[in-house]
2 protein chains.
Amino acid sequence: MTAPKNDKNTRTTGRPTLNEVARLAGVSPITASRALRGVSTVAAELVEKVRQAAVELNYVVNPAARALASAQSHSVVVLVPSLSNLLFIDTLEAIHRVLRPKGFEVVIGNYHYSRDEEEDLLRNYMAYQPRGLLLTGFDRTESARRMIEASNIPCVYMMELDPGAGLNCVGFSQLKAGETAAEHLISKGRKRLAYIGAQLDQRTLLRGEGFRRALQNAGLYDPDLEVLTPRPSSVGLGGELFLQLLDSHPDVDAIFFGNDDLAHGALFEALRCGIKIPEQVSVLGFNDLPASAHMVPRLSSISTPREAIGRRAAEQMLTLMAGNRIAQPVVDLGFELKVREST
Amino acid sequence: MTAPKNDKNTRTTGRPTLNEVARLAGVSPITASRALRGVSTVAAELVEKVRQAAVELNYVVNPAARALASAQSHSVVVLVPSLSNLLFIDTLEAIHRVLRPKGFEVVIGNYHYSRDEEEDLLRNYMAYQPRGLLLTGFDRTESARRMIEASNIPCVYMMELDPGAGLNCVGFSQLKAGETAAEHLISKGRKRLAYIGAQLDQRTLLRGEGFRRALQNAGLYDPDLEVLTPRPSSVGLGGELFLQLLDSHPDVDAIFFGNDDLAHGALFEALRCGIKIPEQVSVLGFNDLPASAHMVPRLSSISTPREAIGRRAAEQMLTLMAGNRIAQPVVDLGFELKVREST
DNA sequence: CTGTTAGCGCCTTCAA
DNA sequence: TTGAAGGCGCTAACAG
């Protein structure tokens with residue numbers, strides 16, 4: 001009669017369950033469930049009782065049971081191409097700050113700039129029935145695209161802007177950023193302008209394209225001055241490519257680097273070789289990493305709103321998950337040219 | 001009679017279930033379950049059938065259902081104090097490489113060097129009944145400690161070595177690293193040696209202590225030359241503290257920085273102010289970040305085995321999760337002094 | 001506003 | 001080696 005549970009044979013976790021909370025509060029389990037979830041249809045008095053019971057027992061929901069029963073998790077999956085780049089860390093942190101207080105768990109997937117790995121992660125994480133998907137850019141496999149669409153899970157795309165304007169996205173125009181870089185360098189009277197990009201993800205390519213277009217418009221484009229490599233971006237690589245380029249094209253007088261770390265490497269080698277920056281060569285970076293402002297000379301760079309992108313994307317996600325539509329699906333957060341000593 | 005499911009009223013996900021796989025394979029659900037999990041007691045022939053059925057239906061287990069039924073997840077929680085430091089990224093990547101192929105999901109928690117936040121994360125993640133815990137260092141709240149112990153979940157501690165030798169840990173002696181730094185600088189004939197540390201986590205403090213001890217032994221210790229700040233480590237901060245120290249103590253002839261980024265900032269300011277490195281001041285960093293080898297002058301640093309720590313810790317975890325004991329619970333992976341141009 | 005009933009999809013226990 | 005029965009902890013439906 002008393003408490004015909006845990007006789008033996010039980011596989012229980014040992015942790016308190018909603019049933020026990022309900023019993024202690026003197027209500028039915030479902031009422032306890034509703035009270036704890038903040039569902040409106042519970043008397044304030046009961047809510048209080050249940051809350052207290054939960055605290056007393058040190059109750060924590062079992063997410064597995066919840067997910068199973070509701071066919072919905074509380075997790076939001078974020079897929080980024082890299083964690084070694086501070087860029088995405090800043091974005092992730094911002095996402096956390098928005099989503100965690102609302103009770104969502106942020107699940108991070110790193111696909112190492114590999115489309116196949118992204119598809120793989122997506123397939124895996126789909127099993128968790130995430131409430132939302134926060135993805136980076138638009139460049140992915142066809143089956144990944146299909147999975148996303150078929151899943152019907154709310155999705156926000158970060159970093160780039162959808163040219164079709166059909167998808168929810170938060171970012172800035174990578175193309176314009178490249179153009180701005182070129183215009184800045186041209187405004188300094190430079191004639192032999194180069195672009196050095198590594199990693200060659202979609203965004204690096206778009207920036208390169210913007211740069212190229214602006215040069216073409218100005219009649220200054222020379223395909224020989226475009227250095228692209230799929231190798232991962234790094235300080236060492238930047239120095240290497242810089243020296244190679246100056247060796248083969250000594251007349252280069254300005255370089256736009258697709259990422260700050262490449263530019264850092266260039267500044268180091270310039271210092272080592274006595275190449276005057278910006279007198280002989282202007283150097284412009286991208287992303288404005290924290291170290292850039294302290295370089296010798298201080299690196300001019302295009303500062304990107306990575307923290308704001310994470311925040312806004314997460315906020316959009318909140319809207320979508322609440323079942324609302326987003327009035328303005330394309331959010332352009334722009335970028336800022338920081339002119340320092342290197343240009 | 002036909003298929004009395006999905007009549008209406010169903011709350012199903014729409015995704016194929018183990019039941020459907022079993023039906024297609026012509027076996028009972030439990031056999032299908034066993035086959036898919038690789039439990040030995042299933043005939044090879046049946047396993048093959050089930051596998052094919054699963055592929056055909058594009059079946060993916062429902063982790064929530066699995067976790068609920070087995071009272072066990074397949075996730076391993078990793079808690080790190082920061083993601084902005086490449087150090088932990090390298091470790092995390094290594095952990096992923098070991099654990100993911102074995103079917104474990106790695107859940108990352110960042111506690112921003114806050115003991116309270118770590119405790120919070122721990123409490124939250126415990127609800128997921130993780131199979132394992134990979135934690136950073138030994139400095140945590142008493143209740144966090146109790147939760148870990150009470151949970152009975154296998155745990156491996158990374159980065160430091162347990163002086164008590166009672167816990168499973170993979171790392172190196174932070175104390176010895178500090179001593180080594182001092183000895184190196186002393187061997188270069190330096191007499192006025194300083195330590196600059198930021199963030200002041202346990203490991204930074206331990207390195208400082210090792211450094212101090214070595215100086216004391218050599219009769220060279222001066223407490224005025226110990227600069228400690230709780231501010232987060234950064235390039236900018238390093239430059240700032242460097243200039244301040246040289247301003248107040250112009251006779252300093254060697255500085256050990258608790259983190260490479262601080263040292264980077266110092267090198268930049270030295271360059272800007274015409275302070276000769278290493279002639280006037282030797283500069284030694286810690287962690288050997290990728291950029292360090294490219295600095296001007298190239299930064300001497302103590303290289304830490306962060307990738308190996310992640311790998312070994314994950315391997316230990318695999319052993320523990322398999323129910324085995326670890327013969328040697330304390331794994332000292334050491335560190336390496338990289339002597340370059342700055343010392 | 002509250003409770004009853006009935007599963008979510010899988011795995012454990014036990015028996016064959 | 002395989003299967004039947006039952007339940008993990010929670011929540012959706014519907015009724016009161």
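These numbers come from a predicted model, not from an experiment. Per chain, numbering begins at 1; letters A, B, ... match sequence-line order.
For the OP1/OP2 pair of D/dG3 and a distance below 4.0 Å, the side-chain nitrogens and oxygens of B/T31 include at least one atom meeting the criterion. Remark: B/Y59 is in phosphate contact with C/dC10, judged by side-chain N or O atoms under 4.0 Å from OP1 or OP2. A close approach under 4.0 Å does not occur between any side-chain nitrogen or oxygen of B/S28 and OP1 or OP2 of D/dT2. OP1 or OP2 of C/dT12 lies within a sub-4.0 Å distance of a side-chain N or O belonging to B/R37. Phosphate proximity of C/dG9 to B/T17: absent, as no side-chain N or O sits under 4.0 Å from OP1 or OP2.
In the helix from C/dC1-D/dG16 to C/dA16-D/dT1, the terminal helix axes, each the rotation mapping four pairs' C1' atoms onto the next four within five end pairs, subtend 20°, rounded to 10°.
Residue-level contact check: B/L18 touches the backbone only, with heavy atoms under 4.0 Å from sugar-phosphate atoms and none from bases.
Ring orientation note: the planes of B/F104 and B/H74 are tilted relative to one another, at an angle of 30° to 60°.
Closest approach to the B/A65 side chain among D/dT11, C/dC10, C/dT4 is made by C/dC10 (side chain taken as heavy atoms from C-beta onward). Taking every side-chain heavy atom of B/A43 into account, D/dT1 is the closest of C/dC11, C/dG9, D/dT1. If you check D/dT2, D/dT11, C/dC11 against the side chain of B/S33, the one that comes closest is C/dC11.
Annotation for A/Q328: atom CD counts as buried by contact number, over 12 foreign heavy atoms lying within 6.0 Å. Within a 6.0 Å radius of CD in B/E142, other residues, nucleotides and ligands contribute more than 12 heavy atoms. When the shell of 6.0 Å around CZ of A/R51 is examined, it contains 12 or fewer heavy atoms from other residues, nucleotides or ligands.
Atom pair A/L68:CG and D/dA12:P shows a separation of 12 Å (rounding to whole Å applied). As a whole-Å value, the separation of A/Y128 OH from C/dG9 P is 17 Å. In this structure, A/Q72 places its CD atom 8 Å from P of D/dA12, rounding to the nearest Å. In this structure, the CG atom of B/N62 is 10 Å from the P atom of C/dC11, given to the nearest Å. Regarding B/N19, its CG atom lies at a distance of 9 Å from the C1' atom of C/dC10, rounded to whole Å. For the pair A/R15 CZ and D/dC8 P, the interatomic distance rounds to 14 Å; values are reported in whole Å. Separating the CZ atom of A/R23 from the P atom of C/dG3 is a distance of 15 Å, rounded to the nearest angstrom. When the C1' atom of C/dC11 is taken as reference, atom CD of B/Q129 falls 14 Å away, rounded to whole Å.
Checked against side-chain hydrogen bond (donor to acceptor under 3.5 Å, both in side chains), A/D90 has the following partners two or more places apart in sequence or in another chain: A/R306. Among residues two or more places apart in sequence or in another chain, the side-chain hydrogen bond (donor to acceptor under 3.5 Å, both in side chains) test is passed with A/R37 by A/S33.
Between the side chain of A/R203 and the main chain of A/E160, no donor-acceptor pair closer than 3.5 Å is present. For the pair B/N124 (side chain) and B/D120 (backbone), a donor-acceptor distance under 3.5 Å is present.
With hydrogens and angles ignored, a donor-acceptor pair under 3.5 angstrom links the side chain of A/R34 to the base of C/dG3.
Heavy-atom nearest nucleotides on DNA chain C were determined for B/A64 and for B/I30, and the one closer to the 5' end corresponds to B/A64. The 5' end of DNA chain D is approached more closely, in terms of each residue's nearest nucleotide, by B/V27 than by the other of B/V27 and A/R66.
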